[in-house]
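Residues take their numbers from the sequence shown, with the count starting at 1. Everything quoted here is computed from the prediction, not taken from an experiment. Order of listing sets the numbers, starting from 1, for every ligand and every atom in it. Atoms considered below: every heavy atom in the structure, side chains included; atoms not considered: hydrogens, waters and symmetry mates.
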Amino acid sequence: MSLFEAAKAAWENAYAPYSGFKVGAAVRTSDGSIFAGCNVENVAYPEGTCAEAGAIAAMIASGQRQIVEVIVLADGAEPVTPCGGCRQRLAEFAGPDTIVTMAGPNGPRASTTIGELLPGAFDAAQMDKANA
Ligand code: THU
């Protein structure tokens, strides 16, 4: 199954009864594995989770740590980019040059990188007390 197919399968299963906006995401890891996730909404709206967070949780639970490619898939008028929080979540496990493809149900629509999505990212080096 391709990264696109994995994201589309997750998108089809998304639980989004409140927004009506389904999102699927899939990440490829450095060992070639693919992990997918979808948004899971909740009647207590802030408790909903994003597709990217689901894909990352599956990746971590499986023992992988290094994302080498990302696809986010939704059926929007414009290609749908990861939300701010998910940009930071992806940056935790993906380098700035990692390709992020925005897809619709019929295929890829646009591509960018983690670095373009989150310039000036907060990272662990900024917590180094030696820099204080
Ligand atoms: N959503 C995602 O799953 N990922 C994003 O990056 C953007 C937003 C979801 C959250 C919510 O269930 C719905 O899309 C509308 O915001």
Practice problem: Output yes when the distance from some N or O of ligand 1 to some N or O of Ala51 is under 3.5 Å, and no in every other case. | Solution: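 There is such a contact, yes.
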Quiz item: So is there a nitrogen or oxygen of Cys83 less than 3.5 Å from a nitrogen or oxygen in ligand 1?
Solution: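 Yes, at least one N or O pair falls under 3.5 Å.
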[X] neighbourhood, listing ligand 1 atoms whose heavy-atom distance to it stays under 4.0 Å:
X	value
Glu52	2 (C), 3 (O), 4 (N), 5 (C), 6 (O)
Pro82	6 (O)
Glu41	11 (C), 12 (O), 13 (C)
Ser19	13 (C), 15 (C)

Practice problem: Examine distances only and state if a side-chain atom of Glu52 and a backbone atom of Ile71 form a donor-acceptor pair shorter than 3.5 Å. | Solution: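 Checking the backbone N and O of Ile71 against the side chain of Glu52, no donor-acceptor pair under 3.5 Å is found.
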Self-check item: Any donor-acceptor N/O pair, Asn39 side chain to Val23 backbone, under 3.5 Å
Solution: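 Flag set: sc Asn39 to bb Val23 pair under 3.5 Å.
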Quiz item: Does Ala16 come within less than 4.0 angstrom of ligand 1, counting non-hydrogen atoms of the residue?
Solution: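 It does not; every heavy atom stays at 4.0 Å or beyond.
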Quiz item: Among protein heavy atoms, which sits nearest to atom 9 (C) of ligand 1, and what does the distance come to when rounded to 0.1 Å?
Solution: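 Heavy-atom neighbour on the protein nearest atom 9 (C) of ligand 1: Asn39 ND2, 3.6 Å.
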Quiz prompt | Nearest-neighbour protein heavy atom for atom 2 (C) of ligand 1, which is reported as residue plus atom name and distance | solution =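 Result: Cys50 SG, 3.4 Å.
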Exercise. Check whether any side-chain heavy atom of Phe21 sits under 4.5 Å from a side-chain heavy atom of Asp75, and report yes or no.
Key: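 No; the side chains remain at least 4.5 Å from each other.
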Quiz prompt | Joint cluster assignment, Val80 & Leu117, ILVMFWY side-chain distance < 4.5 Å | solution =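 Val80 and Leu117: one cluster.
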Practice problem: Would you name the heavy atoms of Glu69 and Thr98 that are closest together and state the gap between them? | Solution: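 Between these two residues, the closest heavy atoms are N-CG2, 3.7 Å.
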Self-check item: Closest approach of Glu12 to Lys22 (non-hydrogen atoms, all atoms of both residues)
Solution: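 It is O-NZ, 3.0 Å.
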Practice problem: Just do the side-chain contact (heavy atoms from CB on, under 4.5 Å) check on Val72 and Thr101 with the steps written out, would you? | Solution: CA-CA 6 Å; Val72 180; Thr101 297; over 6 Å; no
Quiz item: Under the 4.0 Å line, does any protein heavy atom show up next to atom 12 (O) of ligand 1?
Solution: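 Protein heavy atoms within 4.0 Å of atom 12 (O) of ligand 1 - there is at least one.
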